[in-house]
Amino acid sequence: LPSGAASIMPKRWRPLFFRWIKFSAVGWLGVSVQLTMLTLLAGRLEMHYLVATALAVQCAILNNFFWHERWTWGDRGLLGAPGRWQRSLRFNATSGTLSILGNVVFMSIYVGQLGLHYLVGNIASIASCTILNFVISDRLVFLAMPTDTPASCE
């Protein structure tokens, strides 16, 4: 980020902007996990590229959930909080489903129809799903934990 660039941004947008930066950093880590697994499964083990894509995406989803809960949305008090399995299921049901289906559909277009190499097609597929995954994660999965419990009505 260029020096002072955040200072010209409206203050209300800054937290979302910096969360996007964290989300993107975790995403790049997930991309490396996904491409490594895709190379192993499709390249080394000669698994069909669409099956390998779905499995590689799932590995990246698990990695991303781990880091998003701890770092991207770590300020929301979720680490160690009840509901981790529910958040994990929501993450898999939303971002995971979008990522797997989106990647398989885009891969069938980029690789199957356009003839791109499976790694190039996979990078294009990931880019095609990123923004929607951020919105879903921010608004549906990593919701802030309440800081106070409501007073009893007795």
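- Smallest separation of non-hydrogen atoms from R90 and V141: NH2-O, 2.8 Å.
- In plain terms, the two heavy atoms of K11 and P15 that are nearest each other are O-CD, 3.4 Å.
- Taking the side chain as every heavy atom from C-beta outward, N64 and T72 never approach each other to under 4.5 Å.
- Neither L35 nor L116 shares a network with the other; the hydrophobic side chains, linked directly or stepwise wherever heavy atoms of I, L, V, M, F, W or Y lie under 4.5 Å apart, form separate groups for each.
- For N103 against S125, the heavy-atom pair with the smallest separation is OD1-CB, 3.3 Å.
- No side-chain heavy atom of V104 sits under 4.5 Å from any side-chain heavy atom of V57.
- H117 places none of its side-chain heavy atoms less than 4.5 Å from the side chain of I123.
- We find the CG-CG distance between L98 and N92 to be 12.0 Å, quoted to the nearest 0.5 Å.
- Counting heavy atoms from C-beta on, the side chains of F66 and L62 never come closer than 4.5 Å.
- Residues M37 and W28 do not share a hydrophobic cluster, clusters being chains of Ile/Leu/Val/Met/Phe/Trp/Tyr side chains in contact below 4.5 Å.
- No donor-acceptor pair closer than 3.5 Å links the side chain of N63 to the backbone N or O of C59.
- Put simply, OG on S24 and CG on L29 are 12.5 Å apart, with the number rounded to the nearest 0.5 Å.
- At distances below 3.5 Å, at least one donor-acceptor pair connects side-chain atoms of T97 with backbone N or O atoms of A93.
- The minimum heavy-atom distance linking N133 with S99 is given by the pair ND2-OG, 2.9 Å.
- Hydrophobic clustering (side-chain heavy atoms under 4.5 Å, transitive across Ile, Leu, Val, Met, Phe, Trp, Tyr) keeps V31 apart from L40.
- Summarising the geometry, atom CZ belonging to R76 is positioned 4.5 Å from atom CZ belonging to R19; distances are rounded to the nearest 0.5 Å.
- Within a 6.0 Å sphere centred on CG of L140, other residues, nucleotides and ligands contribute more than 12 heavy atoms.
- L89 CG to W85 CH2: the interatomic distance, rounded to the nearest 0.5 Å, is 8.0 Å.
- You'll find the ring centres of W20 and F23 inside the 6.0 Å limit.
- One distance of note links CG of L38 with OG1 of T53; it measures 5.0 Å at 0.5 Å rounding.
- By the criterion of side-chain heavy atoms lying less than 4.5 angstrom apart, applied directly or through intervening Ile, Leu, Val, Met, Phe, Trp or Tyr residues, V111 is grouped together with I126 in one hydrophobic cluster.
- In this structure, CZ on F106 lies 11.5 Å from CG on L114, to the nearest 0.5 angstrom.
- Under the 4.5 Å side-chain contact rule for hydrophobic residues, W73 and W13 share a cluster.
- Each of F65, W71, F134 was checked for a ring-ring contact (aromatic ring centres under 6.0 Å, His included) with F142, and the lone residue meeting it is F65.
- Taking the side chain as every heavy atom from C-beta outward, F91 and H68 approach each other to under 4.5 Å.
- Between R14 and F18 there is a side-chain heavy-atom pair separated by less than 4.5 Å.
- In this structure, the side chain of R44 does not engage the main chain of T39 through any donor-acceptor pair within 3.5 Å.
- Closest approach of Q34 to N122, counting heavy atoms only: NE2-OD1, 2.9 Å.
- With sequence neighbours left out, S128 forms a side chain to side chain donor-acceptor pair (under 3.5 Å) with Y110.
- The two atoms that bring L50 and M107 nearest to each other are CD2-CB, 3.9 Å, heavy atoms only.
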